[in-house]
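Atom set for the values below is all heavy atoms of this structure, side chains included, hydrogens, waters and symmetry mates excluded.
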Amino acid sequence: MKNYRRLFKFLKGGQDLNFFYCGALWFLTCSFFIYIFFYIIELLPRVWMKAVVYVVMWLGAHYQSAHMIPEKQATFWSWDVAIIGVVYLAIGKYFKKYLFDKRVLIGSVFCVVGFTILHSLKLVPAWEEYGIELWSHTYKAPVLDFVLPVGIFVILANLVKRIPEGRISLLLTDL
């Protein structure tokens with residue numbers, strides 16, 4: 001009977017496995033479905049249709065996390081995490097030309113630092129338990145779940161762009 005439970009957890013996407021070496025399988029199924037969802041949505045003929053689908057998916061994943069599925073419970077094939085991941089993939093595709101714009105970088109720094117300060121000082125009670133942990137289904141603040149990861153990505157991308165190429169290869173050869 002115990003093996004059947006493990007098999008079911010494996011079929012559930014591996015997100016729920018607690019035995020040796022299988023705990024990270026949720027990422028593989030999630031990544032697979034991110035690309036499946038993305039390519040299906042990209043078949044839509046108009047950009048506005050794609051945008052509507054992405055927004056509905058984003059809000060739907062947050063709604064189910066906040067209202068339908070208890071925290072720490074895995075969803076079948078990690079579909080909720082895949083839905084949020086596909087939105088990030090779309091952001092990368094459609095906004096990559098703005099990634100290195102100085103105004104976007106400055107705005108990202110202000111947003112990330114501002115939200116971090118407000119959270120650390122507990123000035124906004126609704127954010128007291130905030131955390132970006134997709135695997136534990138605690139994403140219940142759609143605005144923060146959008147602004148912080150995108151802002152942090154913009155900041156990191158700009159930092160990496162400013163590191164000379166020779167320095168990166170030196171760092172990698174030392175590993």
Side-chain angles (χ1 to χ4, degrees), residues 11-15 24-69 71 73-119 124 126-127 129-165 168:
L11 292 174
K12 220 175 152 179
Q15 184 177 8
L25 288 178
W26 72 270
F27 179 79
L28 297 174
T29 56
C30 180
S31 181
F32 173 74
F33 281 104
I34 286 172
Y35 285 101
I36 294 296
F37 291 152
F38 181 75
Y39 288 118
I40 289 171
I41 294 167
E42 288 300 305
L43 292 173
L44 292 171
R46 305 265 189 258
V47 174
W48 69 266
M49 291 176 180
K50 297 172 191 177
V52 167
V53 171
Y54 289 128
V55 169
V56 168
M57 290 175 77
W58 178 267
L59 294 174
H62 282 82
Y63 179 82
Q64 73 83 28
S65 176
H67 300 290
M68 297 169 63
I69 300 197
E71 287 183 23
Q73 180 179 338
T75 57
F76 198 71
W77 285 104
S78 305
W79 69 271
D80 55 338
V81 181
I83 287 172
I84 289 179
V86 79
V87 173
Y88 288 135
L89 191 62
I91 290 168
K93 177 183 178 183
Y94 291 105
F95 295 100
K96 65 183 169 189
K97 64 182 175 183
Y98 303 108
L99 186 63
F100 299 108
D101 186 299
K102 288 184 181 179
R103 293 171 293 189
V104 174
L105 175 61
I106 291 168
S108 296
V109 169
F110 277 118
C111 285
V112 169
V113 171
F115 283 132
T116 304
I117 290 170
L118 288 173
H119 182 267
V124 183
W127 299 350
E129 298 178 18
Y130 178 74
I132 302 174
E133 298 179 23
L134 296 178
W135 58 272
S136 65
H137 308 283
T138 56
Y139 40 96
K140 295 180 180 172
V143 173
L144 292 179
D145 289 342
F146 178 78
V147 170
L148 291 180
V150 171
I152 291 169
F153 178 76
V154 168
I155 293 167
L156 289 175
N158 277 277
L159 286 174
V160 169
K161 183 180 180 187
R162 284 158 178 69
I163 296 173
E165 188 175 324
I168 293 175

*Asks:* Just wondering, do Trp58 and Ile83 contact through their side chains at under 4.5 Å, heavy atoms?
*Replies:* no

*Asks:* Going by atom type alone, with no hydrogens or angles, which donor-acceptor pairs under 3.5 Å involve a side-chain atom of residues 99-109 and a protein atom two or more places apart or on another chain?
*Replies:*
unit_1, atom_1, unit_2, atom_2, d
Asp101, OD1, Arg103, N, 2.7
Asp101, OD1, Arg103, NE, 3.4
Asp101, OD2, Arg103, NH2, 3.1
Ser108, OG, Val104, O, 2.8

*Asks:* Mind checking the OH-CD1 spacing from Tyr35 to Ile40? Nearest 0.5 Å is all I need.
*Replies:* 15.0 Å

*Asks:* Identify the two heavy atoms, one from Thr116 and one from Val112, that lie closest to each other, and give their separation to 0.1 Å.
*Replies:* OG1-O, 2.6 Å

*Asks:* Could you report the tightest heavy-atom contact between Val147 and Phe115, atom names first, then the distance?
*Replies:* CG1-CE1, 3.3 Å

*Asks:* Check Phe38 against Leu89 and note the closest heavy-atom contact, atom names and distance.
*Replies:* CG-CD2, 3.5 Å

*Asks:* Hey, could you give me the CG/CZ distance between Leu148 and Phe153, rounded to the nearest 0.5 Å?
*Replies:*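 Leu148 CG to Phe153 CZ: 15.0 Å, rounded to 0.5 Å.
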
*Asks:* OH/Tyr88 to OH/Tyr54 distance, rounded to the nearest 0.5 angstrom?
*Replies:* 14.5 Å

*Asks:* Nearest 0.5 Å, what's the CZ-CE distance between Phe37 and Met57?
*Replies:* 5.5 Å

*Asks:* Less than 4.5 Å apart, side chain to side chain, heavy atoms only: is that true for Tyr39 and Leu43?
*Replies:* no

